Amino acid sequence: MSTTNPAAAELIARSNRLGADPKNTNYAGGNTSAKGTETDPVTGQDVELLWVKGSGGDLGTLQESGLAVLRLDRMRALVDVYPGLDREDEMVAAFDYCLHGKGGAAPSIDTAMHGLVDAAHVDHLHPDSGIAIATAADGEALTATIFGDKVVWVPWRRPGFQLGLDIAEIKAQNPQAIGCILGGHGITAWGDTSDEAEAGSLWIIDTAAAYIAEHSKAEPFGPALAGYGALPEAERRAKAAALAPTIRGIASQDRPMVGHFADTDVVLDFLSAAEHPRLAGLGTSCPDHFLRTKVKPLVLDLPSDATVEDSIARLKELAVSYREDYQGYYDRNATPESPAIRGADPLVVLVPGVGMFSYGKDKQTARVAGEFYTNAINVMRGAEGLSTYAPIDEAEKFRIEYWALEEAKLQRMPKPKPLATRVALVTGAAGGIGKATATKLAAEGACVVIADLDLAKAQAAAAEIGGPDVAIGLAADVSKEGAVQAMVDAAVLAFGGLDLVVNNAGLSLSKSLLETTEADWDLQHNVMAKGSFLVSKAAAKVLIEQEMGGDIIYISSKNSVFAGPNNIAYSATKADQAHQVRLLAAELGAYGVKVNGVNPDGVVAGSGIFASGWGANRAAVYGVEEKDLGKFYAQRTILKREVLPENIANAVFVLCSAELSHTTGLHIPVDAGVAAAFLR
C-alpha cells in the first residue's frame, strides 16, 4: 500500500524531521499522528482515519509500514465502553478492532491520546528540555511562568486510555493552548495542520531550553568534587578498557549482555560534580528512559585516580549491593499478578573520571541505553538548575517496568539468534577465511571485530558485514604485543568485552628446507605461532575476568599433521598452533573457556595466502596451472570437493555453538577428506 493520503504523507515527513534532531526526542521515543479522510473500499463512502506511529517505531526513520491506521469513529466509540482506570489496559486490545485494512504497525499504548484529542495533528515527544520542566519539583508553576496559558500542566499519569481522555478534556477546556507538559514524562502538542503541530512542538521545546539556559543556577550539579574530574583521554580510555571485562561480568550475571562505552563531556562533567551520587540515586523518570536503563545506575564511589585493582574490588562489592537493592525494589512493589523479576543486574555503570558503561541484548540496545541515560543527565541538569529534580516515585516506576503490557511486548520479541550477545574477534579477517568467518558469526547474531594488517580493508569488510553496531574494523600486527593489546582494548571498548576469538591471521612462503631463510622462518612463526600466543594471552585475560566462559579457535591447517613438500616453515608453525590448542584447552578449561581448532586444506578461493605467491609455488610443485589449483586439490580429496572459505566459517560456528558446549581440545578437519591427515 503506497501513501496516497496527503495527511499521512505530511505525518511521515513531520515525524522524520522531528525525530532527526535528538533535542526533540530520544531514539524510538514519542509518537505522532494525523487525521484525515479516505474512501472506504467497501462502501465507497468517505471514512475518517487516524494514522499514528505504531508501537516500538522510531520517528526519525518512520515509514508508512510503521504507522497504525484506525477508523476514527470506531476508535472514539471506545469511550462508551471504557471500563475505567482499573481496567484501562484492556483498551489496547480493543484498538485492534478499530484498524482499517490490512498491514501496518500494532497500535501503541498512546493511541488514545492521539485519537481522542480534537486536533488533526498531534505530537507526543520526549525532549530533554521538556522533561526537565516535567520532573522539576515545582514543574506546574514553572509551566505557567515559562509558557503562560499556551501550555497546560498535566500531573503524572501512566500512559493509557485515561491519559488520552484527560488531554482531550484539557484541549477542550483550553482553546488557547497549543500543548501540555506531562508531569514526569514529556510533552504533547497539537495543531489543525501538520506545520502548526510541528511549530507548536518546537516552540515548547525551544522555549523551555531557552528559559533553562537563561535562568539556571551556575552549578546545577553542585560544585566540583575534589579528585573526581575527568582523566586525560588516553589514561581514561586505558582505564576503561582495563575495567570493561569486570563491569561486563557484573552486568551479565543474570544473562549475557553486550556493552557500550561513552566518555562524553556530559557524562564526565556530571560525575565530577558533588551532587552526582544523590541525583543518580533518584533514578530516571521518563518511562522510555528507565525501561532502557533500569530505575537507576550503579555508580563507583571512588575518585578518578583510584587504581584499577581498587576499582575492580569496589565494583564487585557494589554489584552485590546493587542486586540486593534491586531485589528489594521488586519485593516492595510486586503484586501476585506482577511478572517475574527480569534480572537484578545494572544496565548503566558510571565510573568517575572515566565514563559510562551501558548494556543491552545487542550493541544497538546497549548504545541506546547510554544515550537515554545521557538524556536523563540533561533532564537532571535542567530540573536542578531551575528547581529540584523530582522524578516519579518508585511505585510508579515499578508499575511501568513490570506492566503487563510491557511484559507482553517483551514476549513478542523474536527468538534471539544462536550467537546473540557474543562478541567475536577475528584476526586476518579482511578477506578469505577470516572474512567468511566474520560474516558467518555476524549472521548468527555476534558482534564482530575484524582485525587485519590493512586497516582500510578491515573497515571495508566491517562496513560490508554491517554498521558499527554489528562490526568494526581494526588495524593490528599480531606479531607485536603492544599492537595485540591495543586491538583487544579497542574490542572491549567497542562491544563491552570478548567471548569468541578466532586466530586466523597467517601467511605462507612455499620453499624447500635449503631455500628457507632465517627471515622466512621468523616471519611465519612470528605471525602464526607467536601471534596466536599473543592474541590468546591478551584475550584470555578478558575472558577470565568476565567469568562468562568463552571460545578460542585456531585456524590451523592440514599441514599441522601432514608432511608435504617444500613448506617446512609453514607446516612447522601450523603444528605449533595445533599444540597450542591442546595446551590452552587444558589450562583455560577451569574458567569455562573452550579451545578448539580447524584444519583446512586447499582453500584457494578468496585466499590472501594463495594470491600472494603461495598458489603459484604450490601449482609449480604439483605441475598444474595456478587457475586450476582449487580443482586439483579437490580431486586429490576423498570427497572430490573444493574447500571454500565458507566451509571453514561453518566449522568455526559449530565449535562455538551450544551444540558443542562440552567440546574442547578438538581439531576439525575441513579438507574434503585427506587420509594422510586423518587425526590419530
Side-chain angles (χ1 to χ4, degrees), residues 1 5-12 14-15 30-55 57 64 66-125 152 154 157-175 177-180 182 185-194 196-197 200-201 405:
M1 181 176 71
N5 191 287
E10 287 181 339
L11 169 62
I12 292 171
R14 177 173 97 244
S15 303
N31 31 69
T32 50
S33 67
K35 302 177 183 75
T37 303
E38 269 199 357
T39 301
D40 188 325
V42 175
T43 66
Q45 303 298 311
D46 284 348
V47 59
E48 284 191 281
L49 298 178
L50 169 70
W51 291 268
V52 59
K53 192 206 83 169
S55 177
E64 185 180 10
L67 295 173
V69 188
L70 296 89
R71 286 274 300 259
L72 196 55
D73 58 343
R74 292 180 65 81
M75 199 259 130
R76 287 179 168 169
L78 293 176
V79 172
D80 299 327
V81 297
Y82 175 47
L85 187 60
D86 291 343
R87 294 171 53 195
E88 70 169 341
D89 288 1
E90 298 172 21
M91 304 307 287
V92 175
F95 292 150
D96 289 344
Y97 294 92
C98 305
L99 294 174
H100 177 74
K102 297 174 63 176
S108 77
I109 187 66
D110 287 314
T111 299
M113 178 194 305
H114 294 273
L116 300 179
V117 170
D118 186 18
H121 296 266
V122 179
D123 296 334
H124 167 59
L125 303 170
V152 181
V154 180
R157 184 183 291 283
R158 188 173 65 159
F161 203 85
Q162 187 61 53
L163 181 60
L165 288 170
D166 293 350
I167 296 176
E169 180 64 18
I170 285 170
K171 165 76 166 61
Q173 295 297 322
N174 296 273
I178 65 168
C180 300
L182 307 182
H185 186 167
I187 73 167
T188 296
W190 48 74
D192 292 331
T193 67
S194 183
E196 189 177 309
S201 293
L405 294 176

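None of the values given here were measured: they were computed from a predicted structure.
- To the nearest 0.5 Å, atoms CE (M113) and OG1 (T188) are separated by 4.0 Å.
- A donor-acceptor distance shorter than 3.5 angstrom exists from the side chain of K35 to the backbone of A119, with no hydrogens or angles considered.
- Residue L182 is tested with I167, V152, I187 for a side chain to side chain contact (heavy atoms under 4.5 Å, CB included); the sole match is I167.
- Every residue was checked against the ring-ring contact (aromatic ring centres under 6.0 Å, His included) condition with H121, not counting sequence neighbours, and none meets it.
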Quick one: do L78 and L116 satisfy side chain to side chain contact (heavy atoms under 4.5 Å, CB included)? Show the steps, please.
CA-CA 10 Å; L78 293 176; L116 300 179; over 6 Å; no

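- Sorted by first and then second residue, the side chain to side chain donor-acceptor pair (under 3.5 Å) pairs involving residues 66-79 (not counting sequence neighbours) are D40-R71, R71-D73.
- In terms of heavy-atom proximity, W51 sits nearest to V69 at CD1-CG2, 3.5 Å.
- Atom CD of Q162 sits about 14.0 Å away from atom CZ of R87, to the nearest 0.5 Å.
- Nearest heavy-atom pair, P107 versus D96, reported as atom, atom and distance to 0.1 Å: CD-OD1, 3.8 Å.
- Between G200 and A189, the shortest heavy-atom contact is C-CB, 4.1 Å.
- Remark: L125 CG to S15 OG distance equals 9.0 Å, nearest 0.5 Å.
- For residues 162-173, the salt bridge (Lys or Arg N to Asp or Glu O under 4.0 Å) pairs, not counting sequence neighbours, are R157-D166.
- Closest of all the heavy-atom pairs between A7 and G36 is CB-CA, 4.4 Å.
- A donor-acceptor pair under 3.5 Å is absent between the side-chain atoms of N31 and the main chain of G54, judged by distance alone.
- A search for ring-ring contact (aromatic ring centres under 6.0 Å, His included) contacts involving H114 returns nothing, not counting sequence neighbours.
- T111 OG1 to L70 CG: the interatomic distance, rounded to the nearest 0.5 Å, is 6.0 Å.
- A distance of 11.0 Å separates CG in L99 from CE in M75, rounded to the nearest 0.5 Å.
- With values rounded to the nearest 0.5 angstrom, T37 atom OG1 is found 6.0 Å from D46 atom CG.
- Between the W190 side chain and the A177 main chain, a donor and an acceptor come within less than 3.5 Å of each other.
- Counting heavy atoms of neighbouring residues, nucleotides and ligands inside a 6.0 Å radius, atom CD of E48 does not exceed 12 of them.
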Before you tell me yes or no, could you show the steps for T39 and V47 under side chain to side chain contact (heavy atoms under 4.5 Å, CB included), namely the whole-Å CA-CA distance, both residues' side-chain angles and the distance that decides it to 0.1 Å? CA-CA 6 Å; T39 301; V47 59; over 6 Å; no

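- The minimum heavy-atom distance linking C180 with I170 is given by the pair SG-CG2, 4.0 Å.
- Contact check for H124 versus S33: no side-chain heavy atoms found under the 4.5 Å cut-off.
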message = Is there a side chain to side chain contact (heavy atoms under 4.5 Å, CB included) between V52 and V122? Walk through the geometry before answering.
response = CA-CA 9 Å; V52 59; V122 179; over 6 Å; no

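- Atom CG of D192 is surrounded by 12 or fewer heavy atoms from other residues, nucleotides or ligands within 6.0 Å.
- Applying the salt bridge (Lys or Arg N to Asp or Glu O under 4.0 Å) test to residues at least two apart or on different chains, the pairs with a partner in residues 107-124 are R14-D123.
- Residue pairs satisfying the ring-ring contact (aromatic ring centres under 6.0 Å, His included) criterion with at least one member in residues 78-102, sequence neighbours excluded, are listed as follows: Y82-F161.
- The nearest pair of heavy atoms linking A197 to G191 is CB-N, 3.8 Å.
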